[in-house]
**Q** 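This is the structure, below, for whatever I ask next.
Read the numbers this way: they start at 1 and go in the same order the structure lists the ligands and their atoms. For the single chain, residues carry numbers from 1 onward in sequence order.
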Amino acid sequence: MGRVIEKDFAMSRLILGAAVLAFAAACSPADAPTPSASETGPVLSYTDAFIMEPIGARDMTMGGVTLSVEGGDVTLTSASSTSVGTIELHTMAMVEGKMQMRQVEGFDIADGDSLELKRGGNHLMMFDVGEDVVGGETVDITLNFDSNGAPMTLVVEADVRVVGE
Ligand SMILES: [Cu+2]
């Protein structure tokens, strides 16, 4: 008895599957079926990548980016750029009325969540900034992640911004 029901269920799934396929084909013939998250692992995306142009003769500055992840948890562990000597991951918090920055080992991003690195909050701290980091230019930053023990990288194109603009 149970087997019969199972078979009927499988059959209706098959018909439904065929209908969905036909519909998808009619809508976007060129699109391949989207692989499930378990096949691809986490997928990272970003917006608002930026670096502040260093002020005056300074060679240090900060940058930021908004990162989102779908399909798994990741940890941002480090960042680098050919235009910057060293990039550290920093938090910023009020301590006894003063803004205080602290270097951290990483920033966790849970599946479906996003991480905002920005001015006045968690940020990318940059030392030995190159002379090509000037307003209006773009600079590539490579972000390194750990995803359940597996390394992942994401290269973001950061706009160089000028303070006050
Ligand atoms: Cu900092």
**Q** Measure from the Cu ion (ligand 1) to each N, O or S atom of Met125 and report whether any distance is below 2.8 Å.
**A**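 Here the distance criterion (N, O or S atom, under 2.8 Å) is met by Met125, so yes.
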**Q** Less than 3.5 Å apart, any donor N or O on the side chain of Asn144 or Thr77 sitting next to an acceptor on the other?
**A**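 Not at all, the side chains of Asn144 and Thr77 share no donor-acceptor pair under 3.5 Å.
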**Q** The Cu ion (ligand 1) to Met101: any N/O/S contact under 2.8 Å?
**A**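 For Met101, the answer is yes, given that an N, O or S atom comes within less than 2.8 Å of the Cu ion (ligand 1).
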**Q** Using the side-chain contact (heavy atoms from CB on, under 4.5 Å) definition, which of the options Asn122, Asp146, Asp108, Leu117 pairs with Leu76?
**A**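 Option passing the side-chain contact (heavy atoms from CB on, under 4.5 Å) with Leu76: Leu117.
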**Q** Name the residue from Leu154, Ile141, Leu143 that meets the side-chain contact (heavy atoms from CB on, under 4.5 Å) definition with Val65.
**A**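 By the side-chain contact (heavy atoms from CB on, under 4.5 Å) criterion, Val65 pairs with just one of Leu154, Ile141, Leu143: Leu143.
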**Q** Quick one: angle His123 NE2 - the Cu ion (ligand 1) - His90 ND1, to the nearest 10°?
**A**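 With the Cu ion (ligand 1) as the vertex, NE2 (His123) and ND1 (His90) sit 110° apart.
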**Q** Any side-chain to backbone donor/acceptor pair from Asp73 onto Asp111? Under 3.5 Å, distance only.
**A**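 Yes; at least one donor-acceptor contact below 3.5 Å.
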